[in-house]
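Computed over heavy atoms, backbone and side chain alike; hydrogens, waters and symmetry mates excluded. Being a predicted model, the structure only gives us computed values, none of them experimental.
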Amino acid sequence: MALFRSSSAASVGDLYALIRENRELTRTEVGRLTGLSRTAVSSRVRELTTLGLVFEREQAPSTGGRPAALLRFNVGAGVVLSAAIGGSRARLAVCDLAGDVLVAADIDQEPGLGPEDLMPDVVKRLDLLLDESGRRTERVFGIGLSLPGTVDPQRGCSVDSPVLSGWDGVPLVPYFRELTEAPVVLDNDANVIALAEWRAGAGRGVDDLLVIKASSGLGAGIVAGGAVQRGAIRAAGEFGHNKTAAAGHLVCRCGDTGCLEAVAGGWALVREMTAAGRQVGNMRDVVELAHGGDTLARRLIRDSGRHVGEVLAAAVNLLNPAALVVAGDVAGAYDIFVAGLRETLYGNATTLASRVLQIVPSEFGDRGGLVGSAMVALDEVLGPQAIDALVTPSR
């Protein structure tokens, strides 16, 4: 819970942030936490109830007199849309204002599909999901969109994504304008998964966390000191293009040679399986074969874990995370992958840095990108500044 130093510091948006964080508070608690007078609290609450963002309900009766009313965060005041786009699949959802998924759908796509081909389908499917959710008439507060690789949220486009060929520099916001004028909030796929796992998943209560997404490509989300770290140009976590001796002179999708992805990325495993005569189109197919007992699929997934662990050991030494969360399509074969990962990670990381390290599976599974994309959008469109901007015209 946040405490404000003076009543002048606690705006309507600040008060809403408190209620949103705690889900429900009494007016007395709000006054104590913000330093606002009873009159000031009432004025700000009136603004929020008028917008429908907060409502009041009575507590259960007690034996000590009339119970205080609770100010409650209205998760049903509107919706946010979520789109997590990957190399072989786009995951889409309509979420409430708490970020909980109401309805979801997938679009499987062929590798190499450009934005001009995929994005219209994404928007059409989101439009259908609004009908399926029964929330068509409610306000769409925002859209959370995640992509693999480095993104530019100001320009609303990918900057450097070997996974999505032909997407770099293409503005994506205009595609959504026939559906809604709501803000589009763009972030990297591993970052949004890290946010979801840190706040509400396998990394709850951990201020130093490393989340790896192993799917078609490889990426990491970094939580350090209780904040997601994106880097100077938002390129943090792209460990899939670290050089490794295991890759030798193999050519990576990025055009360079010797990248980790060339031997450990999902696309590389698909290549190996296809060369061996298996009918696979993506990493999920490889995982399915591994569960069916295919020895080649199991060996490749374990080897992928070994290669990843060897490279990640340096990150563990550098960042000293308390937990490492394994997410992405490879999490479907978590035990196989992590058997290899543990072997090289603990063998190469220092004893001190790895002493308390816990390796755990993603709690959200294949919905981490959807939940995280919704969270990123909600932080933007329901943040204190955004709420203050909403109430300014009426004040």
Side-chain angles (χ1 to χ4, degrees), residues 79-96 99 101-138 140-153 155-190 192-193 213 215-217 219 253 266-267 270 280-285 328-329 364-377:
V79 297
V80 292
L81 307 181
S82 181
I85 296 176
S88 63
R89 177 174 60 171
R91 307 218 70 196
L92 313 170
V94 176
C95 304
D96 65 18
V101 174
L102 301 174
V103 291
D106 294 344
I107 298 176
D108 290 324
Q109 74 230 33
E110 292 295 325
L113 204 61
E116 68 282 357
D117 296 314
L118 180 60
M119 288 305 298
D121 289 341
V122 166
V123 174
K124 288 176 184 176
R125 194 69 187 90
L126 285 172
D127 193 33
L128 291 172
L129 284 176
L130 275 172
D131 287 330
E132 292 177 27
S133 70
R135 313 292 281 270
R136 163 65 67 181
T137 60
E138 296 182 14
V140 177
F141 276 83
I143 300 171
L145 174 64
S146 62
L147 303 173
T150 306
V151 302
D152 185 335
R155 292 166 55 202
C157 67
S158 168
V159 174
D160 181 19
S161 178
V163 175
L164 298 176
S165 177
W167 288 63
D168 293 349
V170 178
L172 301 177
V173 175
Y175 285 105
F176 295 100
R177 287 301 167 241
E178 63 183 68
L179 179 61
T180 176
E181 290 295 320
V184 178
V185 184
L186 179 63
D187 207 341
N188 164 267
D189 57 352
V192 303
I193 294 173
K213 182 192 178 190
S215 293
S216 293
R253 292 184 303 180
W267 64 270
V270 168
V280 293
N282 52 55
M283 187 60 194
R284 297 185 300 281
D285 293 339
D329 291 337
F364 285 107
D366 59 4
R367 287 200 167 190
L370 284 178
V371 174
S373 295
M375 286 182 175
V376 166

Item to check | Heavy-atom pair with the smallest gap, counting every atom of Leu102 and Val79 | outcome: CD1-CG1, 4.3 Å
Checklist entry - Who pairs with Asp131 by salt bridge (Lys or Arg N to Asp or Glu O under 4.0 Å), at least two apart in sequence or on another chain? => result Arg136
Checklist entry - Say you draw a straight line from CG of Leu129 to CG of Leu81; how long is it, rounded to the nearest 0.5 Å? => result 8.5 Å
Checklist entry - Partners of Glu132 by salt bridge (Lys or Arg N to Asp or Glu O under 4.0 Å), sequence neighbours excluded? => result Arg125
Checklist entry - Any donor and acceptor pair, going by atom type alone, linking the side chain of Ser133 with main-chain N or O of Leu130 inside 3.5 Å? => result yes
Next on the checklist: If you compare all heavy atoms of Ser373 against all heavy atoms of Ala83, which two are closest, and at what distance to 0.1 Å?
Outcome noted: OG-O, 3.9 Å
Checklist entry - What is the minimum heavy-atom distance between Ile193 and Gly368, and which atoms define it? => result CG1-C, 3.9 Å
Next on the checklist: Show the nearest heavy-atom pair for residues Phe141 and Pro183, with the distance to one decimal.
Outcome noted: O-CD, 3.3 Å
Item to check | Spatial distance of atom CG (Asp106) from atom CZ (Arg89) [nearest 0.5 Å] | outcome: 5.0 Å
Next on the checklist: What's the separation between atom CE in Met375 and atom OG in Ser146, rounded to the nearest 0.5 Å?
Outcome noted: 13.0 Å
Item to check | Listed once per pair and sorted, the salt bridge (charged side-chain N to carboxylate O under 4.0 Å, His left out) pairs that draw on residues 169-184, sequence neighbours left out | outcome: Arg177-Glu181
Checklist outcome for this item: Taken to the nearest 0.5 Å, the spacing of Leu126 CG from Leu92 CG works out to 5.0 Å
Checklist entry - Mind checking what makes side-chain contact (heavy atoms from CB on, under 4.5 Å) contact with Leu118, not counting sequence neighbours? => result Ile85, Ile107, Gln109, Leu113, Val122, Trp167
Checklist entry - Is there a donor-acceptor pair under 3.5 Å between the side chain of Asn188 and the backbone N or O of Gly149? => result yes
Checklist entry - If you measure from NZ on Lys124 to OH on Tyr175, what distance do you get to the nearest 0.5 Å? => result 12.0 Å
Checklist outcome for this item: Output for pair (Ile143 CD1, Ser82 OG), nearest 0.5 Å, gives 10.0 Å
Checklist entry - Nearest heavy-atom pair of Ala84 and Gly369: which atoms, and what distance? => result CB-C, 3.9 Å
Checklist entry - Ala182 and Val140: which non-hydrogen atoms are nearest, and at how many Å? => result CB-O, 3.3 Å
Next on the checklist: Arg284: which residues meet the salt bridge (Lys or Arg N to Asp or Glu O under 4.0 Å) condition with it, sequence neighbours left out?
Outcome noted: Asp108, Asp329
Next on the checklist: I'd like to know whether CZ of Arg135 has more than 12 heavy-atom contacts from other residues, nucleotides or ligands below 6.0 angstrom.
Outcome noted: yes
Review item, side-chain donor-acceptor pairs of residues 155-165, under 3.5 Å, at least two apart:
from	atom 1	to	atom 2	distance (Å)
Ser158	OG	Asp168	OD1	2.7
Ser161	OG	Pro148	O	3.0
Ser161	OG	Leu164	N	3.2

Next on the checklist: Could you tell me if the side chain of Leu147 sits less than 4.5 Å from the side chain of Leu172, heavy atoms only?
Outcome noted: yes
